[in-house]
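A, B, ... follow the sequence lines: proteins, then strands. Residue 1 opens every chain.
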Protein chains: 2
Amino acid sequence: MSVKFKYNGTLWIEIEGEPVFGPGRVELLERIQQTGSIRQAAIQMGMSYRQAWQMVEHMNSHLSHPVVISQRGGKGGGNAEVTQKGMDAIKQFKAFHLRFHQLLAEQSKDISL
Amino acid sequence: MSVKFKYNGTLWIEIEGEPVFGPGRVELLERIQQTGSIRQAAIQMGMSYRQAWQMVEHMNSHLSHPVVISQRGGKGGGNAEVTQKGMDAIKQFKAFHLRFHQLLAEQSKDISL
DNA sequence: TTACGTTATTCCTATGGGGGAATAACGATA
DNA sequence: TATCGTTATTCCCCCATAGGAATAACGTAA
């Protein structure tokens, strides 16, 4: 029972072996939902627009229905919105992700090395 | 409830934020224990001796007591053995790792996207 | 018709991590 | 003393990938 050692890990949802939803992509979805903009979401997360767009593209292209729908031009220059499917993904992933981290913390107490 | 989507993840034990025991390093420890040789363990896992040695070095250098003790020269050219601490790490990690994967499989059934 | 801010896409660079190769060090054995 | 197979370490190259920069495309508003 040493405080030095901790369990840690990462979690994602995959489809045919390909990771589609992980902590980063889900946080991006949340921020897109909040801001209505891929660019603003990217800035908030300290990443380039290019990287954010690639993450969105990755999710959409691996799913039968998109999680983000975007338009260019128009008021504000364009916009992006998270679909219902995207919101479902956020909700389910975050729920299990939280439980996962609770389990990690709990089990960390029992490490004896 | 789609069979397409699955939870997956990785798990490790870290010390001061530095990963020390993960699936790869623990498997390496097991094979070192079985073979008594870093080189043979590396061959079994399809990696270079150099990489295997670096993994051992990484573990030992981040712990107060080594998980592998090795000697060069002598009968067979040298040898390596896993310490009691190393065996404890193997046992505890594998146990939680198994439980983790059971949880992943179980939760995967409940994904609804 | 121009300006604007965003989405969408291409191109090119660089950088650092991985890995092979080479070599030193070592001690039992014969 | 030579051989052997392993541990231990350094050197160097390469290439995949991350990332910035540049640019096209678009539609509303004034």
Side-chain angles (χ1 to χ4, degrees), chain A residues 10 12 14 17-20 22-25 27-63 65-83 85-87, chain B residues 10 12 14 17-20 22-63 65-83 85-86:
Chain A
T10 64
W12 63 85
E14 65 183 29
E18 184 68 29
V20 177
R25 294 198 185 107
E27 182 181 351
L28 182 64
L29 286 183
E30 282 189 299
R31 294 187 186 269
I32 289 172
Q33 186 180 26
Q34 290 163 7
T35 62
S37 161
I38 296 174
R39 179 170 299 276
Q40 291 309 311
I43 291 171
Q44 284 186 6
M45 292 181 68
M47 70 175 70
S48 66
Y49 169 81
R50 183 179 167 280
Q51 184 176 358
W53 183 85
Q54 284 175 335
M55 291 167 78
V56 169
E57 162 66 16
H58 182 88
M59 288 184 278
N60 280 345
S61 66
H62 284 86
L63 298 166
H65 301 295
V67 288
V68 172
I69 293 178
S70 56
Q71 296 168 345
R72 59 181 168 187
K75 183 181 181 182
N79 65 86
E81 68 171 333
V82 176
T83 65
K85 184 164 183 173
M87 291 188 279
Chain B
T10 64
W12 63 85
E14 63 184 31
E18 184 68 28
V20 177
R25 294 200 184 106
V26 165
E27 181 182 351
L28 183 64
L29 286 183
E30 282 188 298
R31 294 185 186 271
I32 289 173
Q33 187 180 24
Q34 290 162 9
T35 61
S37 162
I38 296 174
R39 179 170 300 275
Q40 291 309 310
I43 291 171
Q44 284 186 6
M45 293 181 67
M47 69 174 73
S48 66
Y49 169 81
R50 184 178 165 279
Q51 185 176 357
W53 182 85
Q54 284 175 335
M55 290 167 77
V56 170
E57 162 66 16
H58 182 89
M59 288 184 277
N60 281 346
S61 67
H62 284 86
L63 298 166
H65 301 294
V67 287
V68 172
I69 293 178
S70 56
Q71 296 169 344
R72 59 181 167 188
K75 184 181 182 182
N79 65 86
E81 69 171 332
V82 176
T83 65
K85 184 165 184 174

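Taken to the nearest 0.5 Å, the CG atom of B:Asn79 stands 8.5 Å off from the OG atom of B:Ser37. In this structure, CE on A:Met87 lies 8.0 Å from CD on A:Glu81, to the nearest 0.5 angstrom. With rounding to the nearest 0.5 angstrom, the CZ atom of B:Arg25 is 10.5 Å from the CD atom of B:Gln54. For the atom pair B:Glu30 CD and B:Gln44 CD, the distance stands at 11.0 Å (nearest 0.5 Å).
Each of B:Asn60, B:Val20, B:Ile32 was evaluated against B:Val67; a single residue qualifies, B:Asn60, per the side-chain contact (heavy atoms from CB on, under 4.5 Å) test. For the side-chain contact (heavy atoms from CB on, under 4.5 Å) with A:Met45, the lone residue among A:Gln40, A:Met55, A:Glu27 that qualifies is A:Glu27.
Side-chain contact between A:Trp12 and B:Thr10 is present, with at least one heavy-atom pair separated by less than 4.5 Å.
Around the NE2 atom of A:His58, the shell of radius 6.0 Å holds more than 12 heavy atoms that belong to other residues, nucleotides or ligands.
For the pair A:Ser70 and C:dA8, the criterion of a side-chain N or O lying under 4.0 Å from OP1 or OP2 is met. For B:Gln51, a side-chain nitrogen or oxygen approaches OP1 or OP2 of C:dG19 to under 4.0 Å. For D:dA8, the OP1/OP2 oxygens have a side-chain nitrogen or oxygen of B:Trp53 closer than 4.0 Å.
In this structure, the CD atom of A:Gln54 is 10 Å from the P atom of D:dG19, given to the nearest Å. Atom OH of B:Tyr49 and atom C1' of C:dG19 are 15 Å apart (whole Å). Going from atom CZ of B:Arg50 over to atom C1' of D:dC12 covers 11 Å, rounded to whole Å. Counting to the nearest Å, the P atom of C:dT6 and the CD atom of A:Glu81 are 17 Å from each other.
The two residues B:Ala80 and B:Ile38 have their closest heavy-atom pair at CB-CG1, 3.7 Å.
If one axis is set at each end of the helix from C:dT1-D:dA30 to C:dA30-D:dT1 from five pairs, those axes are 10° apart, to 10°.
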Considering only nitrogen or oxygen atoms on both sides, find all protein atoms under 3.5 Å from nucleotides 23-25 of chain D and state each distance.
| residue | atom | partner | partner atom | Å |
| --- | --- | --- | --- | --- |
| D:dA25 | O3' | A:Arg72 | NH2 | 3.4 |

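If you check every strand for non-hydrogen atoms under 4.0 Å, B:Glu57 touches nothing.
Near DNA chain D, meaning a heavy atom under 4.0 Å away, there are no residues from residues 29-45 of chain A.
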